[in-house]
Amino acid sequence: MSEKEEMISEGNLNVTLTLRLLMHGKEVGSIIGKKGETVKKMREESGARINISEGSSPERIVTITGPTEGIFRAFSMIAQRFEEDITAAMANSTVTSKPPVTLRLVFPGSQCGSLIGKGGSKIKEIRETTGAQVQVAGDMLPDSTERAVTISGTPQAITQCVRHICSVMLESPPKGATIPYRPKGIPAGTHAVLAPQHPAQAFAIPGQYAFAHQDLTKLHQLAMQHIPLPSLGQSNPTFPGFDVSAPTSSQELAIPNDFIGCIIGRQGSKINEIRQVSGAHIKIASATDGSAMRQVTITGSPASISVAQYLINARLSSVLTGMGVL
């Protein structure tokens, strides 16, 4: 650990920073609170400026600016708020394993190499030191030079993880011009392919695609096991607007062991259905000793990955709300 990292982790380095978070509407609503009371309290108690982007997009950018200690206090309060939301959602559920709190930060792609480190050494060190899961997206966010960095864990682990990430970013400033990510609004008559607005959304980063309402309804029916659907990749696809021949990429998700059963289904029926409909290749890693999480890798076109993530999230949401069957 460098001198600067030691200083920031011990709270001795107090410079002004700006961090950007990517959030869904429901998450934004949670931190705003009734009549803006929650975000007002966060601003006052943390000493950081917290600004939320305007617009009709289902994704919003939350910008937090201030001295490092103020930023860490703000992150701690936001993570704690999401932890309370998860606890409340589980109150009437039979699920015994609490999903982790998840935050998505946005950083210039030129800084992400330093965060990962040579051979993944830096990101491994941060995971081991803080106990948080950290994942750096392989692809840039649309129309930008920024990447999403997803942090999952307890509120305490997340706050400690943000400390370490900030120290790395301070030591490695962005190279060249940065084109910031700006979420796009959704055209009239369409809905974004998003995780259901529920703590289950924590397990995935949604795609940037829009479906007509009837197509979203089809996806939801499939997720609830009401109807079978043909594959995106068939000659007469259910969703004709999607280009499944686009270049392939991969997306990794971390899902608690307790929820893997609902994704796989009886004798693999649900995971096979998700593979067939999305056209994506989905690999679930074997359980590892001492880990409560399982790694799920989705590979395919951006459209296929987006559909697969939606279906996985819908299944997780249905279980958490007590509507689904394991």
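Quick note: numbers below take in every heavy atom, side chains included, and nothing from hydrogens, waters or symmetry partners. Only a predicted model underlies this, so the values are computations on that prediction, with no experimental measurement involved. For the single chain, residues carry numbers from 1 onward in sequence order.
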*Taking it one step at a time, do Arg49 and Arg43 satisfy side-chain contact (heavy atoms from CB on, under 4.5 Å)?*
CA-CA 6 Å; Arg49 292 199 302 277; Arg43 286 170 178 148; over 6 Å; no

*With side-chain contact (heavy atoms from CB on, under 4.5 Å) as the test, would you mind laying out the steps for Ile298 and His281 before giving the verdict?*
CA-CA 6 Å; Ile298 306 171; His281 178 74; over 6 Å; no

*asked:* Let's go through Glu125 and Glu128 carefully: what are the C-alpha distance in whole Å and the side-chain angles of both, what is the deciding distance for side-chain contact (heavy atoms from CB on, under 4.5 Å) to 0.1 Å, and is it a yes or a no?
replied: CA-CA 5 Å; Glu125 178 192 319; Glu128 290 173 350; 5.6 Å; no

_Test log, rule salt bridge (charged side-chain N to carboxylate O under 4.0 Å, His left out), inputs Glu37 and Lys34_ = CA-CA 6 Å; Glu37 289 172 4; Lys34 284 184 182 175; over 6 Å; no

_Residue pair Leu17, Cys166: steps toward the side-chain contact (heavy atoms from CB on, under 4.5 Å) verdict_ = CA-CA 8 Å; Leu17 284 176; Cys166 284; 3.7 Å; yes

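For the pair Pro180 and Arg20, the tightest heavy-atom approach, listed with the atom from each and the gap, is CB-NH2, 3.7 Å. Contact between Ser172 and Gln111 at its shortest, heavy atoms only, is O-NE2, 2.8 Å. Across all their heavy atoms, Arg147 and Leu141 have their closest contact at C-CD1, 4.1 Å. For the residue pair Thr159 and Phe72, the shortest heavy atom distance occurs at CG2-O, 3.6 Å. Between Leu22 and Pro183 the shortest heavy-atom distance is CD1-CG, 4.1 Å. Nearest heavy atoms, Arg127 versus Val134: NH2-O, 2.5 Å.
Between Glu44 and Lys41, none of the side-chain N atoms (NZ, or NE/NH1/NH2) sits under 4.0 Å from a carboxylate O, so this pair counts as no salt bridge.
Residues Ile78 and Leu21 are in side-chain contact: their nearest non-hydrogen atoms beyond the backbone lie under 4.5 Å apart. Side chains of Val62 and Ile31 form a contact here, defined as non-hydrogen atoms less than 4.5 Å apart. In this structure the side chain of Ile260 reaches within 4.5 angstrom of the side chain of Val296, judged on heavy atoms. Inter-residue side-chain proximity for Arg81 and Met42 is flagged as met; some heavy-atom pair is nearer than 4.5 Å. In this structure, Tyr181 and Asp143 have side chains that are not in contact, with every pair of non-hydrogen atoms separated by 4.5 Å or more. Under the 4.5 Å side-chain criterion, counting only non-hydrogen atoms from C-beta, Phe107 is in contact with Ile165. No side-chain heavy atom of Ile255 sits under 4.5 Å from any side-chain heavy atom of Ile284. Using a 4.5 Å heavy-atom cutoff, the side chains of Gln251 and Gln309 are in contact.
Residues Thr178 and Thr145 have side chains that never bring a donor and an acceptor to within less than 3.5 angstrom of each other. Looking only at atom types and distance, the side chain of Thr150 has no donor-acceptor partner in the side chain of Arg104 under 3.5 Å away.
Here the CZ atom belonging to Arg275 is positioned 5.0 Å from the CD1 atom belonging to Ile271, to the nearest 0.5 angstrom. Between the OG1 atom of Thr87 and the CG atom of Asp85 there is a distance of 8.5 Å, given to the nearest 0.5 Å. Gln160 CD to His164 NE2: the interatomic distance, rounded to the nearest 0.5 Å, is 4.5 Å. The distance from the CZ atom of Arg163 to the OG1 atom of Thr130 is 12.5 Å, given to the nearest 0.5 Å. Taking OG1 of Thr63 as the reference point, atom CG of Leu19 lies at 9.5 Å (rounded to 0.5 Å). Here Phe82 contributes atom CZ and Ile158 contributes atom CD1; the two are 9.5 Å apart, rounded to the nearest 0.5 Å.
The environment of CZ in Arg182 is sparse: at most 12 heavy-atom neighbours from other residues, nucleotides or ligands sit within 6.0 Å.
In this structure, Ser269 contributes its side chain and Gly265 its backbone to no donor-acceptor pair below 3.5 Å.
A continuous path of Ile, Leu, Val, Met, Phe, Trp and Tyr side chains, each step under 4.5 Å between heavy atoms, connects Ile123 with Leu170, placing both in one hydrophobic cluster. If you chain together hydrophobic residues whose side chains sit under 4.5 Å apart, Val149 and Met140 never meet in one group. Following chains of ILVMFWY side-chain contacts shorter than 4.5 Å, one can reach Ile64 starting from Ile52, so the two form part of one hydrophobic cluster.
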